[in-house]
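Structure first, commentary second.
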Amino acid sequence: MGSRAPGDGTVVMRTRMAGELRPSDEGTRVELCGWIASRRDHGGIVFLDLRDASGVVQVVVDPSVAGLEAGHRVRNEWVVRVVGDVRARPDGTVNPELTTGEIEVATEELQVLNEAEPPPFPVDERVEADEVLRLRYRYVDLRRDRMQRNLRLRATVNRAIRGAMDEQGFSEVETPLLIASTPEGARDFVVPSRLQPGSFYALPQSPQLFKQLLMVGGFDRYYQLARCMRDEDLRADRQFEFTQLDAEMSFADGDDVIGVITEAVAAAAEAVTGEAPAPFGRLTWHEAMERYGSDKPDTRFGMELVDLGEVFAATEFRAFQQDAVKGIRVEGAGSGVGAGDAVMSRSQLDALTDRAKKLGAAGLVWMRVGEHGAIDSPVAKFLSEAEQLALVDATGAEPGDLLLLVAGERMLVNRVLGTLRLDLGRPPVTEGGLQFLWVVDFPLFEALDDHGRPIPAHHPFTMPHADDVSLLDSATGEDLLKVRAQAYDLVLNGWELGSGSVRIHRRDVQERIFTLLGISTEDAQARFGFLLDAFRYGAPPHAGFAVGIDRLTAILAGEENIREVIAFPKTQSGLDPLTGAPGPIDPAQLDELGLQIAPRAKTPEPKTP
RNA sequence: GGUCCUGUGGUGCAGUUUGGAGUGCACGCCGCCCUGUCAAGGCGGAGGCCGCGGGUUCAAAUCCCGUCAGGACCGCCA
């Protein structure tokens with residue numbers, strides 16, 4: 001129960017929480033504290049809704065009673081303390097909309113703890129407030145149900161994750177925030193050193209190197225809810241600062257890591273939804289690209305990519321004489337038979353074609369499927385009857401469907417169709433349940449740079465796939481891109497939740513990778529020599545992972561944007577409307593740090609005609 | 001760096017396409033009335049740099065250019 005005695009000499013301001021009162025409390029004297037959520041002043045009687053962290057209860061005040069005159073004066077968001085008795089509401093005045101709607105508090109004492117100006121936007125959520133206003137007055141916004149719900153949900157996620165990791169024998173270890181620049185690919189946030197003028201710390205993009213050092217240090221199983229900072233442009237799913245469940249384990253392979261992380265993430269989902277999530281799927285990277293055209297497939301809906309190579313193997317149509325021809329089937333979006341809201345107009349199809357071209361495709365072929373496999377398309381005349389029939393057969397198209405086809409280099413075709421698939425079929429965040437998916441066997445290198453050197457897809461400490469190690473020595477050029485890594489991603493409803501890998505723990509293998517990447521021995525030594533050194537002193541085989549907590553929480557909360565699950569986020573241009581950060585600093589501070597601000601290159605004046 | 005969308009009393013919108021008086025709706029705010037409301041109700045009232053700057057025009061919230069802020073996305077985030 002909420003009733004407490006002071007004990008330590010402090011004054012207890014309240015005995016109960018507003019939202020927890022029930023008919024069983026009838027007759028109880030309660031002391032409540034909170035904000036006025038709403039007032040309904042009838043003159044001789046005033047109804048106040050008192051809101052605290054637990055919810056709302058109706059408080060009834062008779063302002064004609066001596067000492068209760070403030071009943072007329074109080075306004076929304078004033079902070080008050082109420083003493084009174086819980087009583088059943090009179091017949092016909094029960095409010096089934098409120099969990100406390102069967103009772104009310106008959107006020108005997110009304111104390112104004114603090115007056116308040118009218119809030120810049122209503123705390124009640126009937127109308128959506130402008131986001132910059134919400135951020136500027138975040139402390140008001142935080143009173144609203146949505147933020148209360150989301151941040152408490154986030155706390156539930158953190159609690160469940162810590163519980164699951166603890167149970168699996170992981171120890172939470174903190175790592176430094178002021179570090180040397182780490183080899184992640186993002187731009188560092190940088191902190192000037194006062195004691196070493198001209199030198200800089202970097203804020204961690206992740207605790208990557210430290211967790212590997214913890215493995216060398218014999219911690220065996222480490223995790224941390226780690227703040228990470230990356231100075232890259234912001235998006236709906238990206239903030240400068242974000243939080244990861246960061247984990248690393250020794251004497252373990254990729255499947256061990258997948259098992260552990262599955263356990264923790266499923267525990268978080270279950271803590272929020274009340275039921276265990278569906279079993280996590282698993283696809284190879286190659287399969288994900290071929291079937292969904294993405295390395296983070298949204299498997300809440302079908303519309304999979306169909307390989308039409310066989311169908312057009314001997315085609316006369318030049319546009320389809322390519323590395324790959326693939327298509328997607330958009331149900332009911334064709335003309336005629338199945339005509340309805342889903343049907344796409346000619347101008348919509350033109351827009352789709354533009355979209356495909358912007359994504360790099362040479363073009364987009366659309367086909368409307370009619371009765372008996374009849375095909376209506378600008379290119380129908382170039383296709384044989386047999387090809388048309390085989391096409392309908394291969395895609396499983398029904399009358400009224402629309403087919404979208406792209407031909408060209410295979411991975412380009414996959415990416416273009418994968419994007420169109422999302423444009424046309426992706427459900428809102430609140431629909432389709434939770435589709436967790438492991439994507440495994442990522443390639444070790446994602447591309448070749450201008451000098452023909454491979455660019456690591458994950459990071460340079462990623463262990464190559466055991467079966468592909470020999471390729472590392474023999475392969476050159478494009479063939480290097482076939483080398484698979486022991487790297488894996490966790491995907492939820494088309495969002496990349498996180499990634500991990502088995503790490504290289506042997507110095508000789510690591511040096512071979514550096515050589516391939518064109519990182520010289522001196523360069524490697526300068527950037528992360530301490531890690532290479534550590535590997536000389538008995539590094540265990542180890543593997544790890546990191547899960548984006550902001551993204552996981554957003555999806556569990558049914559939010560499209562991670563700002564909704566962050567107490568004090570920044571806008572897309574990296575500003576905090578509440579504190580005004582970032583701002584200039586005192587010249588004396590600059591001086592102390594040995595820094596000077598270079599004059600910014602002015603943008604050229606607009607040309608006068 | 002780029003593309004698209006948005007900016008109108010404290011709040012949320014309409015008005016911009018087709019230039020013609022700051023016009024309108026809802027909420028909030030202030031005052032008065034009101035003893036069973038819960039989006040309380042009734043009467044009255046206050047509140048505007050139409051983001052900012054420039055241009056076109058007899059006339060600009062409206063058209064043009066620039067700029068600032070916000071959002072979505074591309075680039076970027078190995």
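Protein chains get the first letters and strands the later ones, always in sequence-line order, with residue 1 at the start of each.
Applying the ring-ring contact (aromatic ring centres under 6.0 Å, His included) rule to A:Y488 yields the partners A:F545; only residues at least two apart in sequence or on another chain are considered. Partners of A:D423 according to the side chain to side chain donor-acceptor pair (under 3.5 Å) rule, which considers only residues two or more places apart in sequence or in another chain, are A:R355. Partners of A:L177 according to the side-chain contact (heavy atoms from CB on, under 4.5 Å) rule, which considers only residues two or more places apart in sequence or in another chain, are A:P204, A:M229. Applying the side chain to side chain donor-acceptor pair (under 3.5 Å) rule to A:D441 yields no partners; only residues at least two apart in sequence or on another chain are considered. With sequence neighbours excluded, no residue satisfies side-chain contact (heavy atoms from CB on, under 4.5 Å) with A:T476. Remark: A:R136 engages A:P577 in a side-chain contact (heavy atoms from CB on, under 4.5 Å) (not counting sequence neighbours).
In terms of phosphate contacts, A:S64 brings no side-chain nitrogen or oxygen within less than 4.0 Å of OP1 or OP2 of B:U35.
Side-chain contact annotation: A:H72 with A:R39, donor-acceptor N/O pair under 3.5 Å absent. With 3.5 Å as the limit, one finds a donor-acceptor pair spanning the side chains of A:T579 and A:D576. A donor-acceptor contact closer than 3.5 angstrom is absent between the side chains of A:R551 and A:T553. Side chains of A:R421 and A:T419: a donor-acceptor N/O pair is absent below 3.5 angstrom, by distance only.
Of all nucleotides present, none satisfies the Watson-Crick or G-U wobble test against B:A46 with each distance under 3.5 Å. Base pairing annotation: B:A21 forms no Watson-Crick or G-U wobble pair, as no partner gives both donor-acceptor distances under 3.5 Å. The base-pairing partner of B:A26, taking Watson-Crick or G-U wobble contacts with both distances under 3.5 Å, is B:U11. Across all strands shown, the partner of B:C4 is B:G71, judged by Watson-Crick or G-U wobble contacts whose two distances both fall under 3.5 Å. Nucleotide B:C63: paired with B:G55 (Watson-Crick or G-U wobble, both distances less than 3.5 Å). Across all strands shown, B:G41 forms a Watson-Crick or G-U wobble pair, both distances under 3.5 Å, with B:C33. Pair assignment for B:C76 gives none, since no Watson-Crick or G-U wobble pairing has each distance under 3.5 Å.
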Between the protein and nucleotides 29-32 of chain B, list the N/O to N/O atom pairs that are separated by less than 3.5 angstrom.
from: B:C30; atom 1: OP1; to: A:R75; atom 2: NE; distance (Å): 3.3
from: B:C30; atom 1: OP2; to: A:R75; atom 2: NE; distance (Å): 3.3
from: B:G31; atom 1: OP2; to: A:R75; atom 2: NH2; distance (Å): 3.4

With 3.5 Å as the limit, what N/O pairs link the protein to nucleotides 8-17 of chain B?
from: B:G10; atom 1: O2'; to: A:P120; atom 2: O; distance (Å): 3.1
from: B:G12; atom 1: OP1; to: A:D130; atom 2: N; distance (Å): 2.8

Show each protein N/O and nucleotides 2-5 of chain B N/O combination with a separation under 3.5 Å, one pair to a line.
none

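Contact check of residues 141-149 of chain A against RNA chain B (heavy atom, cut-off under 4.0 Å) returns no residues at all.
Comparing B:C34, B:C76, B:U37 against the side chain of A:R238 picks out B:C76 as the nearest.
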Can you give the donor-acceptor pairs under 3.5 Å from side chains of residues 491-500 of chain A to other protein atoms, not counting sequence neighbours?
from: A:N493; atom 1: OD1; to: A:Q435; atom 2: N; distance (Å): 2.7
from: A:N493; atom 1: ND2; to: A:G433; atom 2: O; distance (Å): 2.9

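Side-chain atoms of A:E232 stay outside donor-acceptor range of the base of B:G75, with no qualifying N/O pair under 3.5 Å. Contact annotation: side chain of A:R230 to base of B:C77, donor-acceptor pair absent below 3.5 Å. Judged by distance alone, with hydrogens and angles left aside, A:R235 brings a side-chain donor or acceptor within reach of the base of B:G75, the pair sitting under 3.5 Å. Counting atom types as modelled, A:N561 pairs no side-chain N or O with a base atom of B:G71 as donor and acceptor under 3.5 Å. In this model, no side-chain donor or acceptor of A:R40 finds a partner on the base of B:C34 within 3.5 Å.
The residue among A:R551 and A:D41 whose nearest nucleotide of RNA chain B lies closer to the 5′ end is A:D41. Of the residues near RNA chain B, A:T93 and A:I45, the one whose nearest nucleotide (by heavy atom distance) lies more toward the 5' end is A:I45.
Exactly one residue among A:Q224, A:R503, A:H542 makes a side-chain contact (heavy atoms from CB on, under 4.5 Å) with A:K211. That residue is A:R503.
A:H505 and A:F535 have their aromatic ring centers separated by at least 6.0 angstrom.
Going from the C1' atom of B:G9 to that of B:U23 covers 13 Å, rounded to whole Å.
Among the atoms of the strands shown, only primed sugar atoms or phosphate atoms (P, OP1, OP2) are found under 4.0 Å from some heavy atom of A:R563. No engagement by A:E97 is indicated, since no non-hydrogen atom pair under 4.0 Å with the nucleic acid exists.
The salt bridge (Lys or Arg N to Asp or Glu O under 4.0 Å) contacts involving residues 64-76 of chain A comprise A:R73-A:E115, where partners must be two or more places apart or lie in separate chains.
An aromatic stacking contact links A:H42 with the base of B:A40, defined here by ring centres under 5.5 Å apart and ring planes under 30° from parallel.
Ring orientation note: the planes of A:Y139 and A:Y137 are nearly perpendicular, at an angle over 60° on the 30°/60° scale.
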